[in-house]
Amino acid sequence: MQTAAAPATLRGALDTAKALVSTGAHHEAMRVVRKAIDDAILHLDTLNEADYEESTKLMDLCRSFLTEVTPQAEETGEQAEGLTLIPSGLFVQLYDGFVGAVVVAV
């Protein structure tokens, strides 16, 4: 079983993303959070139950963060390199009941 790396990575990504938003780097913040979610999803099945639950809660916070930051990024007119912004509220059902944000990269 993997250690608490996934929850720690998600927590760190959220902290980093919040700092990036405060400097106006909305798309970079979104990129950091999306990568953390993608990485965490890949490792969910290796986590013990407590870390799994913490990771899914943190992924929900990440989803909320993306929902909040996407309109801000659109308002600033900041250019997204290689990203397609998706409408907030568009979700996909993953396994074990976790609902995560759909992330579209081009």
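Quick caveat, the model's predicted, so the values are computed rather than measured.
- Distance check, rounded to the nearest 0.5 Å: OG1 of T56 to CG of L44 gives 7.5 Å.
- Nearest approach of A29 to A17, heavy atoms of both residues: CB-O, 3.4 Å.
- Taking every heavy atom of both residues into account, L14 and L58 meet most closely at CD1-O, 4.2 Å.
- For the pair V69 and H27, the minimum side-chain heavy-atom distance is 4.5 Å or more.
- For the atom pair F65 CZ and I37 CD1, the distance stands at 10.0 Å (nearest 0.5 Å).
- R31 and E28 are joined by a salt bridge, as a carboxylate oxygen and a charged side-chain nitrogen come within less than 4.0 angstrom of each other.
- Taking OG1 of T46 as the reference point, atom CG of D51 lies at 9.0 Å (rounded to 0.5 Å).
- Rounded to the nearest 0.5 Å, atoms SG (C62) and NZ (K57) are 14.5 Å apart.
- Between T9 and A36, the shortest heavy-atom contact is O-CB, 4.5 Å.
- When all heavy atoms are compared, the tightest approach of L47 to A6 is CD1-CB, 3.9 Å.
- Using a 4.0 Å cut-off between a side-chain N of Lys or Arg and a carboxylate O of Asp or Glu, D39 and K35 qualify as a salt bridge.
- By the 4.5 Å heavy-atom criterion applied to side chains, R63 and L66 are not counted as neighbours.
- Between the T23 side chain and the L20 main chain, a donor and an acceptor come within less than 3.5 Å of each other.
- Taking hydrophobic clusters as Ile, Leu, Val, Met, Phe, Trp and Tyr residues chained together by side-chain heavy-atom distances below 4.5 Å, V32 does not share a cluster with I41.
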| message | Applying side-chain contact (heavy atoms from CB on, under 4.5 Å) to D45 and Y52, what does each step give before you reach the verdict? | response | CA-CA 8 Å; D45 61 340; Y52 177 90; over 6 Å; no

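- From L61, atom CG reaches atom CD of E68 across 11.0 Å, with rounding to the nearest 0.5 Å.
- Atom CD in E54 sits 13.0 Å away from atom CD in E49 (nearest 0.5 Å).
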